[in-house]
Every structure is written in structure tokens, then in C-alpha cells.
Colleague: 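Just dropping this structure here.
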Amino acid sequence: MSQELKKVTTHTLLNLKKRGVKISMITAYDFSFAKIFDRAGIDVILVGDSASNVMAGNETTVTITLEQMIYHAQCVRKAVERCLMVVDLPFGSYQSNADVALASAIRVMKESGAHAIKMEGGAEIAESIKRIVDAGIPVMGHLGLTPQSIYKFGTYAVRAKDEAEAEKLQSDALLLEKAGCFAIVLEKIPALLANTVSKTLEIPTIGIGAGKDCDGQVLVMHDLLGINQEFKPRFIRQYLNLESSIHQAIKQYIGDIKSLDFPNKSESY
Ligand code: KIV
């Protein structure tokens, strides 16, 4: 196997941090896109519960089920050859207690073939994370803006701007590292705080709206590719305008059918 095709593991991510090489992560929810991302050399694919928004059209991530997450994870897994594949445990599948959390994590791993799971929260889920890690399942943490708690916070605004919340986030990050997480997503927090957390932890931080000093970056594929033009917070860098390209292509397709241009002779048998 060539060096380039070497599979990415949780240990690879730790090594990347040690060597000062940034980690690339993107979400995916289906076979076709996951295949493109894996072949392009992405380090980590996250089957995010943002599937609830971008795939199912729900208002929040709260409503997606464990079964639906497993379905998306199964589709992505078939495309993954090289990168590390992480799957979000959805809301309701781990918050009640460590037994429930472990059972959900085992279902994801067994039924989808994922390499790791991700969970939102700090001290309140540290015991569950430890149980899951002790069972041999790698866990990625997620602090800062945690969309599964949207109804508790009432807003998607930047988190941990005040001292008390920033201190809690720092102590949560240390707790998650101690509980055995192999990496932590930091979502929508001040860049300075993300810098401090990233320097304090041995495990890598993956930022989304958390500045340049995180050990890696993640974006939702629909945001990066410009599939959804209605959602444009400042932390998104849009690399394509797929919504417009697809719109144009479909308009042309419709026109070609109506004008009897498609199919032509060479496109027929
Ligand atoms: O579900 C998701 O897409 C995520 C990323 C925003 C990190 O959790």
C-alpha cells in the first residue's frame, strides 16, 4: 500500500497534532459525496447529525433518530477507503445514562462499520464517554455551541464569551481528554479561547467557527460547496456555488427536453 493510501486512524490525528500538521474534516451523509471526499484525501469524514437539517429538512438536529444516523453512516461507510469515519450519536441516544450511551455507540459501530463516534457535552456525559472508550470505541467530544441543546440555550450565537462559560469549557475539555476522547470539536467560540484549549490539550481540537489555532477544521459539506445559499454565517468559507450551478444545469435540461434537443441521435440507440 502506498504511503498516500495509508488509512487514517485516531493515532494518525494525534501524530498530525504533534507534527503541527492541521487536520481536515468534512461532513458527508451519502455514498457518492463521501467517495469524492475520501479520494480527495480528506483526513476525517463526519456523518454529522446536521443530516437532520441538510438531508431531512428538519429545523434542528434534535429530531433525527439513531436509525436514521445509522442509515447515513452505512451509506458513507461503503465509500470510505482511507479516511477516518466518525458518526454523531443523535440527541436522546446517550443523554440518559452510561448504559444507554454504550448501547447506542455499539449499535452505530456494529450496524454501520464506523471507526468512531462523536458526542456533544462536557462533565455531564464524561462518565458515559469513559464507558464507551473502555468498551473499545473511540470517542470525539464536542464543546462550545452544541446544537442538540438549542432549546436550552435558545440561540446559535457564539458561546463561551463570558469568563464563567469560558472556564467551564476549559475544564470540560480537560475532563473529556481524561475520559479518553481522541479529539474534540470546538464550535463557535472565541478564537483566543480555542487557542488556549488547543495548547492545553494533548489531543487535537477540530474547530468550526473557532479560529485558526485549532489543530484542524471542519465544515458542513453543504456550506463549503454552496448548496444552501440561505445559511451564511461568517465562519463558512464557500468554495463552490453548487446551488447556482445545479439550478442552471436543471434549467438547461428542462429547456433541452421541451425544445426536443434532448436526446439527440448520438444519445439514442
Ligand atoms: O453535525 C455536524 O455537522 C457537526 C459539525 C458541525 C461539527 O457536528
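Order of appearance sets the numbers: ligands from 1, and atoms from 1 within every ligand.
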Colleague: According to side chain to side chain donor-acceptor pair (under 3.5 Å), who are the partners of Tyr94, at least two apart in sequence or on a separate chain?
Modeller: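 Counting only residues at least two positions away or on another chain, Tyr94 forms a side chain to side chain donor-acceptor pair (under 3.5 Å) with Gln148.
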
Colleague: Hey, what's the ring geometry for His222 with Tyr29, parallel, tilted or perpendicular (30° and 60° as the breaks)?
Modeller: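 Tilted: the ring planes of His222 and Tyr29 meet at 30° to 60°.
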
Colleague: Distances only, to 0.1 Å: what are the N or O pairs between ligand 1 and the protein that fall under 3.5 Å?
Modeller:
residue: ligand 1; atom: 1 (O); partner: Asp49; partner atom: N; Å: 3.1
residue: ligand 1; atom: 1 (O); partner: Asp49; partner atom: OD1; Å: 3.0
residue: ligand 1; atom: 1 (O); partner: Ser50; partner atom: N; Å: 3.0
residue: ligand 1; atom: 1 (O); partner: Ser50; partner atom: OG; Å: 3.2
residue: ligand 1; atom: 1 (O); partner: Asp88; partner atom: OD2; Å: 3.1
residue: ligand 1; atom: 3 (O); partner: Ser50; partner atom: OG; Å: 2.5
residue: ligand 1; atom: 8 (O); partner: Lys118; partner atom: NZ; Å: 2.9

Colleague: For the backbone of Leu143 and the side chain of Thr146, can you confirm whether one donor and one acceptor N or O come within less than 3.5 Å of each other?
Modeller: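 Between the backbone of Leu143 and the side chain of Thr146 there is no qualifying donor-acceptor contact (under 3.5 Å).
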
Colleague: Please evaluate residues Asp38 and Arg82 with respect to the criterion salt bridge (Lys or Arg N to Asp or Glu O under 4.0 Å), reporting the C-alpha separation (whole Å), side-chain torsions for both, the decisive distance (0.1 Å), and the verdict.
Modeller: CA-CA 6 Å; Asp38 185 66; Arg82 179 187 170 278; 5.7 Å; no

Colleague: Is Glu81 salt-bridged to Lys7, going by a charged N under 4.0 Å from an acidic O?
Modeller: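 Here Glu81 does not pair with Lys7 in a salt bridge, since their nearest N and O are not under 4.0 Å apart.
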
Colleague: Transitively linked via ILVMFWY side-chain contacts under 4.5 Å: Phe231 with Ile246?
Modeller: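 Hydrophobic grouping puts Phe231 with Ile246.
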
